[in-house]
Amino acid sequence: MVDLILASSSPIRRELLENAGLSVDCRPARVDEEAIRESLLAEGAGPRDVADTLAEFKARRVAEKAAPDELVLGCDQVLALKGEAFGKPADEAQAAEHLCALQGKTHHLMSAAVLYEDGKPVWRHVGVVRMTMHALSDAQIEAYLKDAWPDVSYCVGAYQAERLGACLFSRIEGDWFSVLGLPLLEVLSHLRLRGMLGT
């Protein structure tokens with residue numbers, strides 16, 4: 001029996017949930033993330049609201065085709081630097097631009113999760129992590145992307161802090177699971193309250 005439907009194709013989110021003892025069915029949400037993000041930003045939404053809204057949009061899209069008693073989890077990550085929201089890089093050139101903007105500075109990584117049941121949101125959380133990046137030269141960024149691309153093409157900020165991207169950072173403050181794209185502890189705490197976790 002499936003405990004949770006994950007509205008994502010992210011292998012790391014699935015792995016985190018399954019490692020915590022949950023049975024997960026992945027059903028990626030077909031949404032135009034960039035169009036939604038741009039629309040929200042044009043309306044004056046902040047990065048935290050963008051992450052939360054995108055996570056809810058994905059959960060709702062998948063929940064529309066799910067059975068009423070199925071629990072659907074939507075997730076999204078948004079990076080914020082001085083109020084400016086960064087999404088996934090469109091290509092390697094934009095990845096280099098993002099890293100150039102982030103180097104030597106502290107930014108916030110926001111990891112949103114929304115649970116849908118019976119066609120409506122029943123729980124939500126946004127984890128926020130402070131990420132401080134080393135000062136990097138253009139040559140260092142180029143060398144990093146030569147090794148990391150295209151693996152980081154689907155990553156906000158064009159880094160994978162759990163892999164080669166760890167070398168880019170001098171300090172990470174906050175929940176490690178949120179860095180990976182899922183505020184896992186908060187999700188599990190909610191599921192525990194629902195009686196879905198036995199330990």
task = Evaluate whether atom CD of Glu142 has more than 12 neighbouring non-hydrogen atoms of other residues, nucleotides or ligands under 6.0 angstrom away.
result = no
message = Are the side chains of Gln77 and Leu109 in contact, using a 4.5 Å heavy-atom criterion?
response = yes
task = Using the six-membered ring wherever Trp is involved, compare the ring planes of Tyr159 and Phe169 and label them parallel, tilted or perpendicular (cut-offs 30° and 60°).
result = perpendicular
Heavy-atom side-chain proximity of Leu188 to Leu22 below 4.5 angstrom = yes
query = Within the distance-only criterion (no hydrogens, no angle test), does the side chain of Arg13 pair as donor or acceptor with the backbone N or O of Gly181 below 3.5 angstrom?
reply = yes
query = What closest approach, in Å, do Ala161 and Ile172 show between heavy atoms, and which atom pair accounts for it?
reply = CB-CD1, 4.4 Å
remark   = Here the pair of heavy atoms bringing Glu117 nearest to Asp69 is OE2-O, 4.2 Å
inquiry  = As a quick check of understanding, evaluate side chain to side chain contact (heavy atoms under 4.5 Å, CB included) for Glu70 and Val2, giving each step before the final call.
reply    = CA-CA 9 Å; Glu70 290 183 309; Val2 173; 5.9 Å; no
message = A side-chain contact here means heavy atoms from C-beta on lying under 4.5 Å apart; do Val78 and Val156 qualify?
response = no
task = Determine whether the side chains of Tyr154 and Gln160 contain a donor N or O and an acceptor N or O closer than 3.5 Å.
result = yes
Main-chain N/O of Ala35 paired with Ser39 side-chain donor or acceptor, under 3.5 Å = no
remark   = Heavy-atom nearest pair, Pro183 first then Ser111, reads CD-OG, 3.5 Å
query = With a 4.5 Å limit on heavy-atom distance, are the side chains of Val152 and Tyr144 in contact?
reply = yes
query = Got a second to check how far His134's NE2 is from Gln103's CD, nearest 0.5 Å?
reply = 11.5 Å
query = Step by step, would you call Leu40 with Asp49 a side chain to side chain contact (heavy atoms under 4.5 Å, CB included)?
reply = CA-CA 8 Å; Leu40 290 167; Asp49 291 333; over 6 Å; no
task = Measure the shortest side-chain to side-chain distance between Cys100 and Ile141 over non-hydrogen atoms and say whether it is less than 4.5 angstrom.
result = yes
message = Please report the interatomic distance CE(Met196) to CG(Leu191), rounded to the nearest 0.5 Å.
response = 5.0 Å
inquiry  = Restricting to non-hydrogen atoms, name the atom on Ala101 and the atom on Lys105 that form the minimum distance, rounded to 0.1 Å.
reply    = O-NZ, 3.1 Å
request  = Quick one: closest heavy-atom pair of Cys75 and Leu182, and the distance?
outcome  = SG-CD1, 3.6 Å
ask   = Are Met131 and His108 close enough, and set up right, to give a side chain to side chain contact (heavy atoms under 4.5 Å, CB included), and what steps lead you there?
value = CA-CA 6 Å; Met131 314 278 290; His108 292 89; over 6 Å; no
key: Residue Asp25 excluded, over 12 heavy atoms near CG under 6.0 Å   = yes
inquiry  = Any donor-acceptor pair under 3.5 Å linking the side-chain atoms of Tyr116 with those of Glu56?
reply    = yes
request  = Can you see which heavy atom on Ala113 is nearest to which on Val187, and at what distance?
outcome  = CB-CG2, 4.2 Å
key: Side chain proximity check, Leu4 to Leu115, heavy atoms < 4.5 angstrom   = yes
request  = Show your working on side chain to side chain contact (heavy atoms under 4.5 Å, CB included) between Leu99 and Met133 and close with a plain yes or no.
outcome  = CA-CA 9 Å; Leu99 290 169; Met133 193 174 284; 4.1 Å; yes
task = Would you indicate whether the side-chain heavy atoms of Thr106 and Glu173 approach each other to under 4.5 Å?
result = no
query = Side chains of Leu79 and His98: closer than 4.5 Å at any heavy-atom pair?
reply = no
